[in-house]
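A short worksheet on the structure shown next.
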Amino acid sequence: MSDEQSSNWVDRRARREYVLRSQADSIWQTVRALIQDCCESFNRNYCDPDAPQVDCRPENGHRFLVKRTIPRDGQTIIRDISKSVLIEFNEAEESIRVTPSDKAPLVFSIQSDETRAFLAYNKQEITADELSEKSLEDLFFGKASGGRPATRNIRSGPRDWMG
């Protein structure tokens, strides 16, 4: 008999717990890096190079703040608008909590099977990219900006990928 056939539910549970403990931090690091990359991409593609709107600031190894300041334009926006999202890794609960300044928090769990750990939201497996989109889309493109992401003329185009 193979190990898989001879294991019982206690062995399988122990293996899942081991995989979760050993891989949860790696998943957090992947999410953290991807969100920081998204912030840089937003500033590069949608903001004046001399006036980035998004700031991604680590507060410690398990938490960082993403803040967007939409500058007033004197017409549709009469004063600067600031919104933020706090993103925290809870190692004890194996979860990532995303708390927007103006909405209820989102909680993404880190789960595992016997071979790998993964992100989940509403009982469905998701990718780190999907987590970043759910976390940042409203901050970048939501109602506070009138659906417009930034003040730079978009026709000037994203610089790096439009050749």
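What you are looking at is a predicted structure, and each value in this text was computed from that prediction instead of being measured.
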Ring pair (Phe, Tyr, Trp, His ring centres under 6.0 Å) with Tyr18: which residues, sequence neighbours excluded?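 Expected list: none.
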
Nearest atoms (heavy-atom pairs only) where [X] meets [Y]:
X	Y	result
Thr99	Pro105	OG1-CB, 3.7 Å
Leu136	Cys39	CD1-SG, 4.5 Å
Pro71	Asp80	CA-OD1, 3.3 Å
Asp113	Phe118	N-CE2, 3.7 Å

Ion pair present between Glu17 and Arg13, side-chain N to carboxylate O less than 4.0 angstrom? yes

Please determine whether a side-chain nitrogen of the Lys or Arg among Glu125 and Arg116 lies less than 4.0 Å from a carboxylate oxygen of the Asp or Glu. yes

Any [X] side-chain heavy atom under 4.5 Å of [Y] side chain:
X	Y	answer
Glu88	Leu86	yes
Lys83	Lys67	no
Thr115	Val19	no
Thr69	Gln53	no
Pro58	Gln36	yes
Tyr121	Leu131	no
Val85	Val98	yes
Val66	Asp55	no

So for atom CZ, which belongs to Arg16, do other residues, nucleotides or ligands contribute more than 12 heavy atoms lying within a distance under 6.0 Å?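 Yes, enclosed.
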
Look at atom CZ of Arg57 and say whether more than 12 heavy atoms of other residues, nucleotides or ligands are closer to it than 6.0 Å.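 No - once you tally the heavy atoms of other residues, nucleotides and ligands closer than 6.0 Å, there are 12 at most.
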
Can you check whether Pro52's main-chain N or O pairs, donor with acceptor, with Asn43's side chain at less than 3.5 Å? no

Keeping the roles fixed (side chain from Arg97, backbone from Leu106), state whether a donor-acceptor pair exists under 3.5 Å.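 No.
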
[atom1]/[X] to [atom2]/[Y] distance, rounded to the nearest 0.5 angstrom?
X	Y	atom1	atom2	value
Leu139	Ser101	CG	OG	7.5 Å
Asp25	Ser22	CG	OG	10.5 Å
Arg15	Leu20	CZ	CG	12.0 Å

Starting from Leu34 and following side-chain heavy-atom contacts under 4.5 Å between hydrophobic residues (I, L, V, M, F, W, Y), which residues can be reached?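 Joined to Leu34, directly or through intermediates: none.
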
Can a donor-acceptor pair be found between the side chains of Asp129 and Thr127 at a distance below 3.5 Å?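 Their side chains do not contain a donor-acceptor pair, so the 3.5 Å distance test is not met.
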
Assign the ring pair Phe140 / Phe42 to parallel, tilted or perpendicular, where the plane angle (0 to 90°) is split at 30° and 60°.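 Correct class here is parallel.
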
May I ask you to check whether Phe89 and Phe64 place their ring centers less than 6.0 Å from one another? no

